[in-house]
Amino acid sequence: MATLTTSDLRKGLKLEIDGEPYIITDFEFSKPGKGQALYRCRLKNMITGSQFDRTYRSVDKFESADLEEQDMQFLYSQGDSFHFMNTANYEQIEMTRDQVGDATNYLTENLVVSMLFFQGRPIGINLPNFVVLKVVKSDPGIKGDTAAGATKPATMETGFVIQVPLFIEEGEVLRIDTRSGAYVERVKA
């Protein structure tokens, strides 16, 4: 682990505090007229999701979080368990629904994700920016409903419901942005 100083602080930096990994979600630097510079940080626990604010002085030191990312292939889910396989050594890892979080909306068999490990144990996954999902349920657009940008709900193969344009039909394959959960475009089969 590397030792960091306050000059290294920035949004997105991952730190280890009291043996747990935190990410800086907001950062503000201020230099009062007299005295030391102050660094105000909003920190989020990467395991529990809890957040708090903390102010540091320019003499404070930190440890970078011992994090590692590995490409993992999603195999299947069973109840609240999600099973992944390391694409390099074929080792299988099981994660809970809480660990996977909202990513459950986008997981399809064989999807490769980036799994985040803290001190050798999995704590979360990062999805690709876009995934391709099939529409399994979508009511037909209402005739005469032609307002610009009109949408309707569509249920994807993972059970996730998104808003799509009226012309989308059941059985179509769509590209979805995993960062916003929004429809991007139809994909030719």
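It should be emphasised that the depicted structure is a prediction, and the values quoted were computed from it without experimental measurement.
- I123 and M115 are not part of a single hydrophobic cluster, where members link through side-chain heavy atoms under 4.5 Å apart.
- For the residue pair V112 and P128, the shortest heavy atom distance occurs at O-CD, 3.8 Å.
- Rounding to the nearest 0.5 Å gives a distance of 12.0 Å between CD1 of I125 and CD1 of I93.
- Contact annotation: the side chain of E91 never approaches that of Q70 to less than 4.5 Å [non-hydrogen atoms, C-beta and beyond].
- Looking at E157 and K134, no side-chain N of the basic residue comes within less than 4.0 Å of a carboxylate O on the acidic one, giving no salt bridge.
- I168 and I176 fall within the same hydrophobic cluster, defined by Ile, Leu, Val, Met, Phe, Trp and Tyr side-chain heavy atoms under 4.5 Å apart, directly or through other members.
- With contacts defined as side-chain heavy-atom distances shorter than 4.5 Å, the pair S81/E94 qualifies.
- Atom-to-atom distance recorded for T6:OG1 and D60:CG is 7.0 Å, nearest 0.5 angstrom.
- Applying the ring-ring contact (aromatic ring centres under 6.0 Å, His included) rule to F167 yields no partners; only residues at least two apart in sequence or on another chain are considered.
- Judged as a side-chain hydrogen bond (donor to acceptor under 3.5 Å, both in side chains), and not counting sequence neighbours, D18 has no contacts.
- Residue pairs meeting the salt bridge (charged side-chain N to carboxylate O under 4.0 Å, His left out) criterion with at least one partner in residues 46-56, sequence neighbours excluded, are R42-D53.
- By the 4.5 Å heavy-atom criterion applied to side chains, L133 and I162 are not counted as neighbours.
- Contact annotation: the side chain of V131 never approaches that of T108 to less than 4.5 Å [non-hydrogen atoms, C-beta and beyond].
- T55 and R40 make their closest contact through OG1-CG, 3.5 Å (heavy atoms, listed as atom of the first residue, atom of the second, distance).
- Applying the under-4.5 Å side-chain rule to Ile, Leu, Val, Met, Phe, Trp and Tyr, the cluster around V184 extends to F130.
- Atom CD of E109 sits in a sparse spot, with 12 or fewer heavy atoms from other residues, nucleotides or ligands closer than 6.0 Å.
- Applying the side-chain contact (heavy atoms from CB on, under 4.5 Å) test to S7 and every residue at least two apart in sequence or in another chain returns T5.
- Taking OG1 of T87 as the reference point, atom CG of N110 lies at 12.0 Å (rounded to 0.5 Å).
- For E169, there are no side-chain hydrogen bond (donor to acceptor under 3.5 Å, both in side chains) partners two or more places apart in sequence or in a different chain.
- Residues passing the side-chain hydrogen bond (donor to acceptor under 3.5 Å, both in side chains) test with N129: none are found, sequence neighbours excluded.
- Qualifying side-chain hydrogen bond (donor to acceptor under 3.5 Å, both in side chains) partners for D177, counting only residues two or more places apart in sequence or in other chains: R179.
- At least one side-chain heavy atom of Q163 sits less than 4.5 Å from a side-chain heavy atom of P153.
- Minimum interatomic distance between K152 and L166 (heavy atoms only, all atoms of both residues): NZ-O, 3.2 Å.
- Proximity of a side-chain donor or acceptor of Q99 to a complementary backbone N or O of P122 within less than 3.5 Å is detected.
- Looking at heavy atoms from C-beta onward, L127 lies in side-chain contact with L107 at the 4.5 angstrom threshold.
- The other residues sharing a hydrophobic cluster with F62 are L4, L9, L13, L15, I17, Y22, I24, F27, F29, Y39, L43, F52, Y56, where clustering joins ILVMFWY side chains under 4.5 Å apart.
- The side-chain contact (heavy atoms from CB on, under 4.5 Å) check on K137 picks up D139, T155, E170, with sequence neighbours excluded.
- To the nearest 0.5 Å, atom CD of residue Q92 and atom CE of residue M72 are 8.5 Å apart.
- You'll find the side chain of V161 stays beyond 4.5 Å of the side chain of M156, heavy atoms only.
- Within the structure, every pair that satisfies the salt bridge (charged side-chain N to carboxylate O under 4.0 Å, His left out) test and touches residues 75-87, not counting sequence neighbours, is listed here: D80-R97.
- Using a 3.5 Å distance cut-off with no hydrogens or angles, the side chains of E63 and T3 do pair a donor with an acceptor.
- V173 and V136 are not part of a single hydrophobic cluster, where members link through side-chain heavy atoms under 4.5 Å apart.
- Counting heavy atoms from C-beta on, the side chains of F74 and V113 never come closer than 4.5 Å.
- Within the structure, the ring-ring contact (aromatic ring centres under 6.0 Å, His included) test picks out the following pairs touching residues 90-127 (sequence neighbours left out): Y106-F160.
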